[in-house]
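One structure is given here, and the rest of the page talks about it.
Being a predicted model, the structure only gives us computed values, none of them experimental.
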Amino acid sequence: MNEPYIPLDSLYRLPWSMPDNGITWLEPLAQCNLSCYGCYRKNIKNSHKPFEEVKHELDFFQSQRKSDCISIAGGEPLLYSHIVELVAEIKSRGLKPIINTNGIALTKELLHELKKAGVFGFTFHIDSKQGKGREEKWQNKTEVELNELRLHYAEMLAEEGGIACSFNSTVYEDTLQYVPELVDWAHKHIDIVDTMVFILFRYITPNVPFDFYAGDKKIEWDDVHYHSDHEEVVDIMAPDVVKKIRERFPDFTPSAYLNGTHRSDYFKWLLTERVGNKDKIFGYTGKKFMEFVMAGYHFFTDKYLSYASPKVQSLGRATMLNAWTFDKGVRRALKNYLKYIAANPFRIFKKAYMQSILIIQPVDLLPNGDQNMCDGCPDITYWKDKDGTEKLVWSCRLEEPMQYGDFLHMVPKNKN
């Protein structure tokens, strides 16, 4: 695809590393109430881990890695039999509990219990290829039509109050066209939606030019869990998504990134922070603002910031008034805001909000067989080898050690 050029020097490289990171990934079960195309985890019934085992994983995380929050995932974490106790346990350790969910099992009663237990936020994964499991009215809907469902969850959290609200959507070749609509929808609900995340589809397809090995054992490509029996576009890149968004928002400007382990110029996590209200997006923060936030938060908490609370996200005006002196992007936003107020002084009573747009580009298979992962991956999780060795591993590829005892490596077919 014809990607836009995004110079590295226009972005702040997020300072996350393996031992010092904003996020850590926890999977208390592998059972789910959906079977989504594109998911990298097998759906395993009766896979709830004992609560003491999950607490041990938290102990291990804290012995290996400083984190701001714990993403509780799976599987579907709301099905976990100890989910309320788990949220309370994470909160008691001084960490932010974030629930990554499809939302199906979320009721107002459960939400209230989770709020009392200390839940910090929810990330709802909703997209058009989630398959059966949701109510019939949500099946065979486009990404735009699913905005009604997204709004249902955003309003549920807003009614409970004080809970960060994020949405994930996997981006496929045929759904890339809808990304600007979702970004626009998030703008219209900037007061209750804190983050929109777009995860680029990656699967193994029939014409993959590699042979796969676990150690010295060859593995057939279609034995790997995350494979497709037909050809798919699996090389959409983060700049492709930026290009598509700019068709609707020409000034859309990312400000921070994570690079790849094998390609420093690949944008594995590409973060944009914008400021505005439901009427208008005033502008986008620059790299100096992101550096100020990360360095300042780490100075005071000894952690790097991941999720911000709705209260902090509502301080858009204060951000512009305090950060314009050192950040060009904020300075442009403030100028637009002042013009907006000058046109109608009563607009000063409208709050301005911060909102994050994140593009995640998962594993890239490079021509020589290297696997370009996220350098400083925030979604690292727990794994214990057969010999009892505990380690931190990539959650997006956990099926490989689970099935084969090791991560797969690849050899180009034409070099065998």
Side-chain angles (χ1 to χ4, degrees), residues 16-33 39-102 105 110 113-114 117-123 125 166 168 225-226 301-307 362 373-374 376-407:
W16 301 341
S17 62
M18 181 66 80
D20 197 0
N21 208 290
I23 308 171
T24 299
W25 190 269
L26 177 69
E27 297 192 2
L29 81 171
Q31 181 179 347
C32 191
N33 47 12
C39 183
Y40 50 73
R41 185 70 69 247
K42 287 182 179 177
N43 190 343
I44 304 174
K45 294 182 179 179
N46 304 316
S47 57
H48 298 229
K49 296 177 182 177
F51 191 44
E52 290 302 315
E53 182 178 331
V54 175
K55 288 200 292 184
H56 173 74
E57 293 186 14
L58 289 169
D59 291 339
F60 182 75
F61 288 152
Q62 292 189 291
S63 73
Q64 301 289 313
R65 182 175 171 100
K66 290 188 293 187
S67 289
D68 186 44
C69 82
I70 298 290
S71 289
I72 311 171
E76 171 49 56
L78 294 182
L79 300 181
Y80 184 54
S81 51
H82 302 289
I83 185 60
V84 175
E85 297 95 324
L86 178 55
V87 166
E89 176 68 24
I90 293 170
K91 175 69 173 179
S92 72
R93 294 169 179 249
L95 298 164
K96 300 172 182 174
I98 307 291
I99 297 179
N100 287 29
T101 176
N102 58 46
L110 177 56
E113 284 189 66
L114 291 167
V119 72
F120 188 89
F122 283 79
T123 297
H125 191 106
S166 304
N168 283 351
H225 172 65
Y226 19 83
T301 68
D302 199 32
K303 300 175 183 178
Y304 288 116
L305 178 67
S306 54
Y307 290 78
M373 305 299 294
C374 302
C377 174
D379 293 340
I380 289 293
T381 193
Y382 174 91
W383 173 248
K384 181 188 286 188
D385 283 339
K386 291 181 180 179
D387 64 3
T389 301
E390 298 176 294
K391 60 178 69 174
L392 298 172
V393 299
W394 299 302
S395 62
C396 64
R397 295 177 57 192
L398 186 59
E399 289 295 335
E400 296 169 33
M402 290 177 68
Q403 187 171 357
Y404 307 113
D406 199 357
F407 286 111

Distance in Å, I90 CD1 paired with F61 CZ, rounded so as to fall on 0.5 Å steps:
9.0 Å
Side chain proximity check, Q31 to E76, heavy atoms < 4.5 angstrom:
no
Which pair of non-hydrogen atoms, one from S395 and one from D379, has the smallest distance, and what is that distance?
OG-O, 2.6 Å
In the structure I gave you, are the side-chain heavy atoms of E400 and Y226 within less than 4.5 Å of one another anywhere?
yes
Value rounded to 0.5 Å, distance of NE2 in H225 from CG in N43
9.0 Å
Side-chain heavy atoms of T24 within contact of T381, under 4.5 Å:
no
Test item: side-chain donor near acceptor, Y307 and T123, under 3.5 Å:
yes
Any R397 side-chain heavy atom under 4.5 Å of Y40 side chain:
no
Kindly indicate whether the side chain of I72, heavy atoms from C-beta on, has any atom under 4.5 Å from the side chain of I83.
yes
As a quick check of understanding, evaluate side-chain contact (heavy atoms from CB on, under 4.5 Å) for K96 and L305, giving each step before the final call.
CA-CA 10 Å; K96 300 172 182 174; L305 178 67; 3.5 Å; yes
For the residue pair E89 and L58, establish whether any side-chain heavy-atom pair is separated by less than 4.5 Å.
yes
The residue among K49, R41, K42 that forms salt bridge (charged side-chain N to carboxylate O under 4.0 Å, His left out) with E27 is R41
Could you check I380 against R65 for side-chain contact (heavy atoms from CB on, under 4.5 Å), going step by step and ending with a plain yes or no?
CA-CA 10 Å; I380 289 293; R65 182 175 171 100; 3.8 Å; yes
Provide the closest heavy-atom pair for K303 versus D68 in the form atom of the first, atom of the second, distance.
CD-CA, 3.9 Å
From S306 atom OG to W16 atom CH2, the distance as rounded to the nearest 0.5 Å:
7.0 Å
Positive for salt bridge (charged side-chain N to carboxylate O under 4.0 Å, His left out) with K55, one of E52, E53, E57
E52
To the nearest 0.5 Å, what is the distance between CD1 on I23 and SG on C69?
4.5 Å
Can you check salt bridge (Lys or Arg N to Asp or Glu O under 4.0 Å) on R93 and D59, steps first, answer last?
CA-CA 10 Å; R93 294 169 179 249; D59 291 339; 2.8 Å; yes
Can you tell me which residue among P362, P401, C377 is in a side chain to side chain contact (heavy atoms under 4.5 Å, CB included) with W394?
C377
Rounded to the nearest 0.5 Å, how far apart are CH2 of W383 and CZ of F60?
13.0 Å
Contact summary for M373 and C396, nearest pair of heavy atoms:
CE-SG, 3.8 Å
Could you grab the distance from atom CG of L29 to atom CG of L78, nearest 0.5 Å is fine?
10.0 Å
Got a donor-acceptor contact below 3.5 angstrom from the D385 side chain to the D387 backbone?
no
Closest non-hydrogen atoms of P28 and A73, given as atom of the first, atom of the second and distance, are CD-O, 3.3 Å
Which pair of heavy atoms, one from V87 and one from G118, lies closest together, and at what distance?
CG1-C, 3.8 Å
Tell me the closest heavy-atom pair linking L110 and A105, and the distance in Å.
CD2-O, 3.7 Å
Quick check: do H125 and N100 have side-chain heavy atoms less than 4.5 Å from each other?
no
Can you check whether I70 reaches I98 side chain to side chain, under 4.5 Å on heavy atoms?
no
